[in-house]
Every structure is written in C-alpha cells, then in structure tokens.
Amino acid sequence: MVEKTVEEVNQKIRDGSVRVVTAEEMTEIVEALGPKDAAKEVDVVTTGTFGAMCSSGAILNFGHADPPIKTQKVWLNDVEAYAGLAAVDVYIGATQLSESKGMEYGGGHVIEDLVSGKSVTLRATGYGTDCYPLKNIETTLTLEDLNQAAMINPRNAYQRYNVATNTSDQIMHTYMGPLLPNLGNAIYSGSGALSPLFNDPTYATIGIGTRIFLCGAQGYVIGEGTQHDPKSNMGTLMVKGNLKEMNPEFVKGASFHKYGTTLYVGLGIPIPILNEDVALHTGISDAEIRAEVLDYGVQRRDRPVLGKVTYEELKSGRIEIDGKEVRTSAISSLYMARKVAESLKDWILKGEFTLSKPVERLPTKLRVKSMRQTGGLPLVKDVMTDGIGTIKPDVGIEEASKRIIKGEFNHLPVVSDDGRLVGIVTSWDISRAVALAKRGKVEQIMTRRVIVVSPSDPIDIAARKLEQHNISALPVVDGKRKVIGIITSEDLSKLLAGGT
Amino acid sequence: MKMLLHFTPQIIKKPLIAEVVLETGVLVNINKATIDVTGGELIINVPDKDVNKVIKSFKSRGVDVVTLEKPIIRVDEECVHCGACISVCPTNVFKCEVDDSISLDHKECIQCGACITACPHNALKLSR
C-alpha cells in the first residue's frame with residue numbers, strides 16, 4: 001500500500017525527482033497499470049478548466065486622493081463597482097454591465113483590461129464628510145497604480161455542469177450561448193476528465209488553503225463555492241489570487257448575446273497522489289462523467305431533464321435526445337483547459353510551485369436550497385380568461401368576423417378538430433382581410449407561429465413574452481397544446497392597477 | 001467564390017440576377033439577400049472559374065461587386081477555442097481539431113452571422 005505525504009511530494013519537487021502528469025495522461029496510466037501501481041509511479045496529477053465563471057470579481061484598493069474622498073458610487077470604464085466598503089475599496093463583479101456600452105462590455109472586461117496593463121477610467125462620487133471632503137473624482141489608473149488587486153471568486157470550477165438545449169420553437173439566448181429552436185443544438189461546459197473537482201470528488205486533497213493555478217498566477221482555495229452541491233457531484237470552489245501576477249491569456253472578459261457579460265477563468269488544481277484511492281479517482285475518464293441534458297426552452301428554475309449523456313458523447317460533437325441527433329459544442333475551452341493543466345505541470349517540474357496541505361476540508365454533505373419566496377407570484381391560470389371562443393381553420397373569414405364582434409374579444413385561437421392550437425387570428429387580421437375584400441378561410445389569414453404560455457407559468461413569464469414579441473395576447477395551452485384560456489396585456493395591466 | 005453585391009435603389013426593380021445568369025450561363029447561388037430603401041445587398045456564390053465573367057456582367061449593369069475571399073475573419077488573439085460557434089453554424093464552417101483547437105473552412109460560409117453573435121469573445125467578424 002502506497003502512502004505519501006504532501007511534505008514528501010514537496011521534497012521531490014525540490015530535489016527534481018517529482019513525477020507529474022496531467023489528468024488526461026493519468027486516465028491512461030491508471031487504465032494500464034491499475035491504481036496501485038499508478039500511485040507508485042505518479043506523485044502529482046494536474047487538472048484544468050477554462051470557462052465562463054460569472055461569479056467572479058476583484059477587490060481593488062485605489063489609494064487615497066487629496067483631498068480624500070469616501071467613494072459611495074464607483075465606475076470603472078463606466079461599469080459600476082460595489083463601493084459599500086471603506087473609502088477607496090471596491091468589488092468589481094464580472095457580470096455588471098457598462099452603463100454606456102451595455103452588454104458589449106462589463107466587469108469581466110474591466111478585469112481583463114487591468115490584467116493586460118491597459119489604463120482604466122475611474123469615476124467616483126461621495127457625499128462629503130469632515131474627514132473625506134471631496135465629492136467627485138475622475139482619473140485613469142493601471143493595475144500598477146493600485147495597492148491591492150485581489151481576484152476573489154465566490155463560485156468557480158463547477159465539478160460538472162448541465163447540458164443546455166431547447167425544445168421550444170424560439171431561439172433562446174442564454175448564459176450557455178444561443179440555443180437553437182426545436183433541439184437545434186446542445187451546449188455543454190466543463191473539461192470532463194480534466195475537471196479539477198471530478199479528479200478528487202471526495203475532496204480528500206482539496207480544501208481551504210490549497211494552492212492552485214488561477215489565471216496564470218498562484219492562487220488559493222479559500223472555501224467551498226456558493227451553491228456547492230457535493231451530493232449531486234456539483235461541487236464548487238471559492239478562490240483568491242493576485243491580479244498583478246496574472247497572465248491575460250488566462251483571464252478573458254466575455255459577452256453573451258442578449259444575456260450579458262462574464263469572465264472566462266483558467267483554473268487548475270494539483271492533486272498529490274497520496275495513496276491508491278486518490279490515484280483511482282484521478283483515473284476518471286470522459287466516459288464515466290455524466291451530465292443531465294436540460295430543456296432551457298422552459299423558463300423556470302426546475303427545467304425538464306431530457307436525458308443523461310457522458311462527456312465522451314458530448315465531445316464527439318453529437319448526442320441523441322428523444323431519438324433525434326443533436327449537434328453539441330462547448331462554451332468552455334478544452335484547448336485552454338489543457339494549457340492550464342500543462343502550465344501547472346511545467347511549474348511543478350521546474351520547482352516553481354509546491355503543493356499545500358489544506359487547513360480544512362470542504363463540506364461533503366451540503367445541498368443547494370432554492371430561494372424561499374414569501375411574496376407568492378400570481379400564476380397565469382389565476383389571471384387568464386377561460387372558456388374563450390375558438391375557431392376551426394376551415395371556417396370562412398366572414399363567419400370569423402361575426403364571432404369576434406359577438407364575443408367582443410380581439411383574439412381568436414384557431415384549433416384543429418382534436419382541439420389543438422394551430423394558429424391565431426386577431427380582429428386586426430380580419431379587418432385587413434375585409435378591407436382588402438379578401439374572401440376565403442381563416443387558415444389563409446391566420447398566424448401559424450403562435451407564442452403560448454402554460455397555465456402554471458408565473459405571470460412574469462407571460463409579461464416577458466408579450467414584451468419580447470410585441471404582441472397583446474397569449475393563448476394558454478396545456479401539455480397537449482389544447483387551448484384552455486387566453487391572457488392579454490389588458491389582464492396584466494388590470495392586475496398591476498390592483499383589480500382583477 | 002463568394003461575392004457581395006450592392007444595388008442602388010434605381011436598379012433594384014430590374015431582374016439583374018436572372019439577366020446575369022442568362023447572359024453568362026453560370027449557375028449563381030444566392031446565399032443571402034436584403035433589400036430596403038437604401039438599396040439591395042446580396043451575397044452570392046459562383047464557381048471559381050466563372051468569377052471574372054460574372055463580375056463583368058454585374059458591373060455592366062451598374063452593380064457594385066466585392067469579392068469575399070475570406071467571408072469570415074477571426075481575430076486570433078481574442079479566440080479562446082471554446083467552440084461556441086460550432087453548433088450554431090448551419091453550414092459546418094467550424095471544426096474541432098485533434099488538439100481541440102477550433103479551425104474554420106471559409107468555403108462553406110454563407111455569411112448568415114449566427115456565429116458572430118454566438119461568439120462570447122467578439123472574435124468573429126463578417127468581411128465586407
């Protein structure tokens with residue numbers, strides 16, 4: 001039985017006899033030799049991941065101005081940083097958007113610009129006190145001008161992540177990138193066999209104080225990340241590193257179309273192979289790591305699970321969902337993740353990086369809770385009008401106009417013989433047909449691509465759809481696309497006005 | 001070879017594509033077409049050997065022609081090789097190589113622009 005200590009591994013690093021491999025290389029070694037001999041052969045396994053990590057940011061200290069200012073609101077290149085700290089300390093978060101450029105530029109880009117040595121414009125306001133009389137300041141700064149610039153990321157390095165796809169008939173712009181309608185693509189994230197936490201899923205060697213590769217600098221794990229969910233194999237890390245030592249290649253601001261900005265973070269963890277068990281875990285392969293495919297077409301917290309796939313399947317470029325072949329691509333970079341793991345390996349081999357023993361283990365039993373909502377959101381079914389009139393596609397336009405007048409409503413869902421929604425006609429469609437002296441059937445003038453909501457959706461979902469598509473009503477349909485009511489912008493305004 | 005055609009509002013009503021096809025006998029493939037008050041803009045694809053013939057024919061009709069040798073431009077310093085472009089592209093321009101870097105094949109691009117918005121790093125641009 002092999003038993004090593006972190007100190008023994010460090011001794012080998014110092015005397016140059018250490019044996020280091022990346023997690024991908026280790027997978028092959030464990031497969032060939034078995035975990036027992038692999039533990040004898042290998043001292044350290046390096047892991048890596050490179051992807052969008054929204055819960056990232058940096059604490060910056062600007063130094064004091066003369067006369068001094070107690071900054072209350074601070075903007076860096078027009079991106080607001082949180083200043084509710086001491087006079088010239090702020091936290092700039094990756095997803096905060098520029099007030100002038102919107103989603104094109106955000107906190108992630110500010111951090112990248114600082115690390116790249118670019119100068120950044122600081123604008124700040126304060127309320128003025130006897131000790132901090134200045135109320136406004138504008139200046140340009142570079143990373144060098146700052147006292148401290150500590151990257152502190154509340155949630156990084158998800159052990160694995162869900163695969164995103166979309167069964168709705170609309171394109172969805174998400175933090176996983178654009179999801180094409182009708183299962184047009186599937187997007188995944190994470191580096192699979194190179195994933196830091198998947199190579200040590202029991203956190204036997206990773207904990208508070210573990211020295212890591214963070215964006216090209218030596219950083220540290222400072223605790224479990226927010227939403228750490230070890231029971232679902234979705235552990236996360238909170239990490240810290242010095243912005244001044246980082247390499248711009250491994251820290252990249254990013255912007256997701258119609259979603260917002262984020263930061264791509266390169267993060268790698270060295271795993272000391274202390275015994276056979278640790279070796280066994282680092283032998284994990286893409287074929288053994290599974291991820292759930294979720295339907296982001298459903299705009300709710302609990303998205304339907306459409307299946308489970310392995311990272312091996314995901315990396316092949318195609319997966320099967322409901323018998324349909326769907327193209328996959330990653331939103332994180334395996335190419336860069338490997339570069340992280342290789343860089344870390346290089347540092348250790350050169351004796352520039354030694355391992356640290358964690359001072360405390362990460363929790364292994366936590367579960368993620370959902371938000372407790374005491375307000376209670378009204379649902380579509382509470383607000384919609386039910387018992388509404390519908391019409392068949394082969395009815396004449398004249399007949400449809402009579403029904404609209406009789407029913408005193410503006411929207412008439414068109415349904416097939418079995419009651420399923422196939423289109424919608426509005427009083428506008430009918431007036432236009434009448435004005436143009438068009439004769440014919442409803443199906444010739446109806447809109448076929450109908451935007452719908454489900455009765456159990458919160459009304460906010462309905463409001464967003466109305467706004468997004470610039471329409472005034474949504475048929476409410478059940479799982480079988482049978483029309484059970486309609487919700488109009490009027491219904492929603494009445495609700496806001498306080499009466500239903 | 002792909003080409004970008006500009007039509008002024010004055011000639012927009014004429015069946016120019018049909019005339020060029022009939023005159024040159026070249027099968028012109030239309031990839032994209034937009035028309036508004038400022039004129040028309042088309043992206044077409046023609047066999048490499050017929051490029052000069054087609055350009056001459058369009059130019060004689062007052063159409064401005066720009067050849068698109070590289071329909072899509074990648075800013076390599078910005079690209080992190082994530083692959084966000086791969087699954088949104090309708091013509092499979094992007095490919096994941098053995099080392100997991102992303103390569104692109106210009107021949108297939110129809111300048112639809114799907115990858116431009118999909119790229120989180122603003123690394124892709126359509127050439128004009």
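FYI, side chains are in, hydrogens and waters are out, and symmetry mates aren't considered; it's all heavy atoms of this structure. Per chain, numbering begins at 1; letters A, B, ... match sequence-line order.
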Check: Should we say atom CD of E23(B) is surrounded by more than 12 heavy atoms from elsewhere, each under 6.0 Å from it?
Finding: yes
Check: Checking heavy atoms, do the side chain of D99(B), its backbone, both or neither come under 4.5 Å from chain A?
Finding: both
Checklist line | E28(A), CD: over 12 other non-hydrogen atoms inside 6.0 angstrom | finding: no
Notebook entry, point to check: Which bit of C119(B) comes within less than 4.5 Å of chain A, counting heavy atoms only: side chain, backbone, both or neither?
Noted result: backbone
Margin query: Given heavy-atom pairs under 4.5 angstrom as the criterion, report whether the side chain, backbone, both or neither of E77(B) touches chain A.
Written below: backbone
Item checked: Closest contact, heavy atoms only, V88(B) versus R327(A) -> C-NH2, 4.2 Å
Notebook entry, point to check: Is the count of non-hydrogen atoms from other residues, nucleotides or ligands lying under 6.0 Å from K125(B) atom NZ greater than 12?
Noted result: yes
Notebook entry, point to check: Quick one: CD1 on I86(B) to OG1 on T328(A), what's the gap to the nearest 0.5 Å?
Noted result: 8.0 Å
Next item on the list: Looking only at non-hydrogen atoms, find the nearest pair between P178(A) and A118(B) and report the distance.
Entry: CG-CB, 3.5 Å
Note to self: For the OG atom of S333(A) and the CD1 atom of I102(B), what is their distance to the nearest 0.5 Å?
What the structure shows: 7.0 Å
Notebook entry, point to check: Is it the backbone or the side chain of I187(A) that comes under 4.5 Å from a heavy atom of chain B, or both, or neither?
Noted result: side chain
Checklist line | Y259(A) portion near chain B, given a 4.5 angstrom heavy-atom threshold | finding: neither
Margin query: Could you check whether atom NZ of K70(B) has more than 12 heavy atoms from other residues, nucleotides or ligands sitting under 6.0 Å from it?
Written below: no
Next item on the list: Under 4.5 Å heavy-atom distance to chain B, tell me which part of S255(A) shows up: side chain, backbone, both or neither.
Entry: both
Check: Does atom NZ of K49(B) have more than 12 heavy-atom neighbours, drawn from other residues, nucleotides or ligands, at distances under 6.0 Å?
Finding: no
Item checked: Aromatic ring pairing Y335(A)/H81(B), orientation class (parallel under 30°, perpendicular over 60°, tilted between) -> tilted
Check: Among C85(B), C89(B), C96(B), which residue forms the greatest number of heavy-atom pairs with chain A at distances under 4.5 Å?
Finding: C89(B)
Notebook entry, point to check: Quick one: are I331(A) and P120(B) in side-chain contact, heavy atoms under 4.5 Å?
Noted result: yes
Item checked: Other residues, nucleotides, ligands: >12 heavy atoms within 6.0 Å of R61(B) CZ -> yes
Checklist line | Gap between atom SG of C79(B) and atom NZ of K252(A) - 0.5 Å precision | finding: 9.5 Å
Item checked: Exercise: identify the closest heavy-atom pair between N185(A) and S87(B) -> ND2-OG, 3.1 Å
